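This one's a predicted model, so the numbers in the text were calculated from it and none came from an experiment.
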Amino acid sequence: MTDPTTAPTRAAATWLADFAAALARGDIDAAVALFEPDSYWRDLVAFTWNIRTQEGPDAIRAMLKAQLAGTQPTAFAVEGEATEADGVVDAWFTFETRVARGRGHVRLRNGKAWTLLTTMTELKGFEEKTGDNRIKGAEHGVHKGRKNWLERRADEEAALGYTEQPEVLIIGGGQGGIALGARLRRLGVPTIIVERNAKAGDSWRKRYKSLCLHDPVWYDHLPYMPFPDDWPVFAPKDKIGDWLEMYTKIMELNYWSSTHAKKARFDEATQTWEVTVEREGKPVVLRPKQLVFALGVSGYPNVPKMAGAENFKGDQHHSSLHPGPEAYAGKKCVVLGSNNSAHDICAALWEHGADVTMVQRSSTHIAPSQSLMELALGGLYSEQALKNGIDHHKGDLIFASVPYKIMHTFHIPVYEEMKKREADLYSRLEKAGFLLDFGADGSGLFMKYLRRGSGYYIDVGASELVANGSIHLKSGVNIERVNERSVTLTDGTELPADLLVYATGYGSMNGWLADLISPETADKVGKCWGLGSDTPKDPGPWEGELRNMWKPTQVDNLWFHGGNLHQSRHYSQFLALQLKARMEGIDTPVYELAASHHTR
């Protein structure tokens with residue numbers, strides 16, 4: 001019986017051998033000829049020391065002309081068996097460069113590459129001490145003055161930041177900073193994480209009571225330490241907070257809680273940052289070589305300036321400061337906004353007997369959780385995916401292998417099916433007056449997330465309350481004026497209010513730089529996040545990658561790390577390798593450093 005995987009594996013091996021041979025002899029034209037006219041090469045650090053997608057043969061040729069000689073790629077080998085579906089061959093492969101090892105993925109159509117992904121997995125000579133390379137731990141034999149693990153750990157904590165300086169300072173000790181800190185620890189990069197809260201995980205604990213992860217557990221593991229196999233599909237905020245706190249201890253991170261970053265400047269003479277922090281009330285000056293901002297997906301809360309807000313007699317606050325619903329039973333509550341936080345807060349207030357009105361200014365994408373898991377995430381992140389041999393590591397790479405330029409075409413059919421499956425809910429929402437959308441091109445939730453970081457709700461129950469009128473709705477309007485005990489909307493409607501919640505999102509991450517470093521530095525970096533898709537809230541020009549994330553910026557030695565738990569886990573690997581390479585003095589010629597666009 002013929003093995004059905006033989007033919008696609010043979011096709012992949014042939015292509016890879018031709019590609020490797022062309023690169024080995026420096027024949028760039030021959031290498032480029034192996035790509036389709038409509039082709040994409042996405043590189044995560046291995047060839048470009050950047051996160052870049054080369055779109056089309058001309059871009060691929062230009063990158064190879066600049067980078068091939070220094071990269072010296074070799075040892076290309078197909079990994080496992082290739083597969084074929086709908087005329088597309090999917091294959092995994094491994095390779096090496098002069099300084100690193102890597103893993104890649106290729107999609108072939110008619111014998112030529114449609115998409116190519118190359119990723120750096122480890123630096124030669126600086127591998128993580130895992131498996132056969134793990135440290136002994138115990139020192140056998142007899143040694144005078146020997147210190148045990150606890151004493152050595154205490155010595156490290158006492159010295160780092162005082163008598164010894166960190167190589168990397170991470171500002172922000174939420175999931176992003178913690179994930180990156182764990183990667184750097186494994187690579188032997190001295191790192192301090194500073195966090196203003198009293199404990200790791202407090203950034204979750206301090207949010208509104210009903211908050212839980214809307215992404216499923218298979219999508220959310222931290223590096224090195226997956227959640228237990230009985231962890232809930234959607235973890236409550238306090239459970240996540242406890243996990244993060246435990247993780248920082250188990251992974252031996254140098255985590256400075258109750259620490260506020262006050263001011264930073266780059267010292268050109270020493271090529272280090274000078275960062276003043278206040279740790280438990282005392283000033284400390286840190287001098288790291290690399291400075292990483294890991295403050296989530298966003299900058300400061302967007303609090304709209306409302307006429308008359310200063311006269312309001314009730315409670316008003318941004319959603320980031322919402323304490324929970326308990327105090328508002330029987331009260332009139334107005335929530336401005338219609339995305340995730342707004343829906344969560346409205347639902348919790350309704351559950352506690354409040355009279356709630358959602359004010360929806362513009363259309364929102366609604367993705368019911370069960371449909372989202374089955375249609376959009378299930379193939380890569382689910383129990384079924386695990387049974388199919390796709391764990392979160394492989395899922396991350398499959399996800400990463402789809403270039404952003406064509407990603408929407410992969411998503412549109414998902415949301416077309418969701419429209420059919422959820423037709424009744426969508427119909428009733430629209431009948432209630434809810435302004436519904438599926439993104440500028442029908443590509444749904446994840447493209448909205450990448451383009452603008454907002455504009456959607458993963459429905460875990462609140463949409464039904466909007467559809468049936470339990471949560472009152474005023475759509476297509478804004479708040480024109482805040483009165484002492486009410487708000488007046490732009491259509492003239494007056495709503496009584498004891499509570500006003502601004503679920504109005506956040507600014508760009510570079511906003512943090514304006515205060516900590518300077519406005520000029522913030523504007524030199526430019527806007528963070530977004531692809532330049534020229535869709536609402538994501539102005540062009542086209543970037544091809546997320547702006548300024550996990551890669552070099554226009555400001556030397558300054559980096560951004562963040563995103564959801566999946567992105568924090570996956571991209572922390574590539575940022576950590578870039579930082580480790582710089583620490584070890586490895587040449588890191590960055591190809592096509594992204595220009596900065598759009599100030600704060």
TODO: Check step by step if salt bridge (Lys or Arg N to Asp or Glu O under 4.0 Å) holds for Arg547 and Asp538.
DONE: CA-CA 11 Å; Arg547 295 185 190 95; Asp538 184 28; 3.4 Å; yes

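- Checking side-chain atoms of Arg569 against main-chain N and O of Ala179 turns up no donor-acceptor pair under 3.5 Å.
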task = Any chance you could lay out the salt bridge (Lys or Arg N to Asp or Glu O under 4.0 Å) test for Arg153 and Glu157, step after step, and finish with the verdict?
result = CA-CA 6 Å; Arg153 183 80 182 102; Glu157 290 177 335; 3.5 Å; yes

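- In this structure, CE in Met251 is found 9.5 Å from CZ in Arg185, a value given to the nearest 0.5 Å.
- Distance check: Gln567 CD to Tyr219 OH gives 6.0 Å after rounding to the nearest 0.5 Å.
- Contact check for Phe266 versus Gln271: side-chain heavy atoms found under the 4.5 Å cut-off.
- The line from OH of Tyr457 to CG of Asn340 is 7.0 Å long, rounded to the nearest 0.5 Å.
- Ring geometry for Tyr571 against Trp550 counts as parallel: the plane angle stays under 30°, on a 0 to 90° scale with 60° as the upper cut.
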Between Met225 and Met246, does the side chain to side chain contact (heavy atoms under 4.5 Å, CB included) criterion hold? Intermediate values first, please.
CA-CA 11 Å; Met225 194 184 301; Met246 178 278 300; 4.1 Å; yes

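- Thr53 and Glu545 form a side-chain donor-acceptor contact under 3.5 Å, judged by distance and modelled atom types alone.
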Item to complete: Decide yes or no on side chain to side chain contact (heavy atoms under 4.5 Å, CB included) for Arg287 and Thr270, but give the supporting numbers first.
Response: CA-CA 10 Å; Arg287 292 184 171 83; Thr270 61; over 6 Å; no

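- Put simply, the side chain of Tyr255 never gets that close to the backbone of Gly181: no donor and acceptor are under 3.5 Å apart.
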- Query: Should Tyr162 and Trp256 be marked as a ring-ring contact (aromatic ring centres under 6.0 Å, His included) after you check the CA-CA gap, both sets of side-chain angles, and the distance that decides it?
  - Reply: CA-CA 13 Å; Tyr162 296 96; Trp256 287 15; 5.6 Å; yes

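- Between Val292 and Thr191 the shortest side-chain heavy-atom distance does not fall below 4.5 Å.
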* Give the intermediate values and the outcome of side chain to side chain contact (heavy atoms under 4.5 Å, CB included) for residues Glu195 and Asp202. => CA-CA 10 Å; Glu195 167 61 38; Asp202 276 356; 5.7 Å; no

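- Side chains of Arg183 and Val189 form no contact here, defined as non-hydrogen atoms less than 4.5 Å apart.
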Worksheet entry | Step-by-step salt bridge (Lys or Arg N to Asp or Glu O under 4.0 Å) determination, Lys551 to Glu543 | CA-CA 13 Å; Lys551 60 186 177 183; Glu543 302 274 335; 5.6 Å; no

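- Residue Phe399 is tested with His566, His570, His393, His392 for a ring pair (Phe, Tyr, Trp, His ring centres under 6.0 Å); the sole match is His566.
- The residues Arg582 and Glu167 are annotated as not salt-bridged, no charged nitrogen and carboxylate oxygen being separated by less than 4.0 angstrom.
- Side-chain atoms of Arg152 come within 3.5 Å of backbone N or O of Lys147 as a donor-acceptor pair.
- Looking at heavy atoms from C-beta onward, Gln165 lies in side-chain contact with Leu286 at the 4.5 angstrom threshold.
- Judged by distance alone, with hydrogens and angles left aside, the side-chain atoms of Lys237 form no donor-acceptor pair with the main-chain N or O of Cys212 at under 3.5 Å.
- With rounding to the nearest 0.5 Å, the separation of CD1 in Ile240 from CZ in Phe227 is 4.0 Å.
- The heavy-atom pair separating Ala46 from Thr97 by the smallest distance is O-CG2, 4.0 Å.
- A distance-only check finds no donor-acceptor pair linking the side chain of Glu584 to the backbone of Ala581 [under 3.5 Å].
- Between Ile178 and Gly173, the shortest heavy-atom contact is CD1-O, 3.4 Å.
- Judged purely by distance below 3.5 Å, without hydrogens or angles, the side chains of Trp49 and Gln67 never pair a donor atom with an acceptor atom.
- For Gln316, the side chain to side chain donor-acceptor pair (under 3.5 Å) partners at least two apart in sequence or on another chain are Tyr502.
- The heavy-atom pair separating Val277 from Ala261 by the smallest distance is CG1-CA, 4.0 Å.
- Side-chain contact check for Thr118 versus Thr48: every heavy-atom pair is 4.5 Å or farther apart.
- Without hydrogens or angle criteria, Gln554 side chain to Ala594 main chain gives a donor-acceptor distance under 3.5 Å.
- Around the CZ atom of Arg196, the shell of radius 6.0 Å holds no more than 12 heavy atoms that belong to other residues, nucleotides or ligands.
- Side-chain contact between Val303 and Thr504: absent, with no pair of heavy atoms (C-beta onward) separated by less than 4.5 Å.
- Put simply, CD1 on Ile192 and CD on Glu164 are 10.0 Å apart, with the number rounded to the nearest 0.5 Å.
- In this structure, Ile170 and Ala294 approach most closely via the heavy-atom pair CG2-CB, 3.7 Å.
- Dense packing is recorded around NZ of Lys124, with more than 12 heavy atoms of other residues, nucleotides or ligands lying under 6.0 Å away.
- Looking at Leu291 and Ile171, their side chains come closer than 4.5 Å, going by heavy atoms from C-beta outward.
- Interatomic distance, CG of Leu123 versus CD of Gln578, reported as 10.0 Å (0.5 Å rounding).
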task: Test salt bridge (Lys or Arg N to Asp or Glu O under 4.0 Å) on Arg205 and Asp242 and set out the steps.
output: CA-CA 9 Å; Arg205 294 187 189 97; Asp242 289 349; 3.0 Å; yes

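- When all heavy atoms are compared, the tightest approach of Gly176 to Ser568 is CA-OG, 3.6 Å.
- With Asn557 contributing its side chain and Gln290 its backbone, the two residues share no donor-acceptor pair below 3.5 Å.
- Closest heavy-atom contact between Ser203 and Arg207: O-CG, 3.3 Å.
- Under a cut-off of 6.0 angstrom, the local environment of CD1 in Ile135 is sparse, with at most 12 non-hydrogen atoms contributed by other residues, nucleotides or ligands.
- A donor atom on one side chain and an acceptor atom on the other are not found under 3.5 Å apart for Thr553 and Asn548.
- Heavy-atom neighbours of Lys313 NZ from other residues, nucleotides or ligands within 6.0 Å: at or below the threshold of 12.
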- request: Determine, stepwise, if the pair Glu280 / Thr259 fulfils side chain to side chain contact (heavy atoms under 4.5 Å, CB included).
  value: CA-CA 6 Å; Glu280 295 175 340; Thr259 302; 5.7 Å; no

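- For Thr119 (side chain) and Arg103 (main-chain N/O), a donor-acceptor pair under 3.5 Å exists by modelled atom type.
- Looking only at side-chain heavy atoms (C-beta outward), Phe560 and Val525 come within less than 4.5 Å of each other.
- Although no hydrogens or angles enter the test, the distance criterion places a donor-acceptor pair under 3.5 Å between the side chain of Tyr591 and the main chain of Met63.
- Within a 6.0 Å radius of CZ in Arg134, no more than 12 heavy atoms belonging to other residues, nucleotides or ligands are found.
- A donor-acceptor pair is defined here as one N or O able to donate and one able to accept, closer than 3.5 Å; such a pair exists between the side chain of His343 and the backbone of Ser338.
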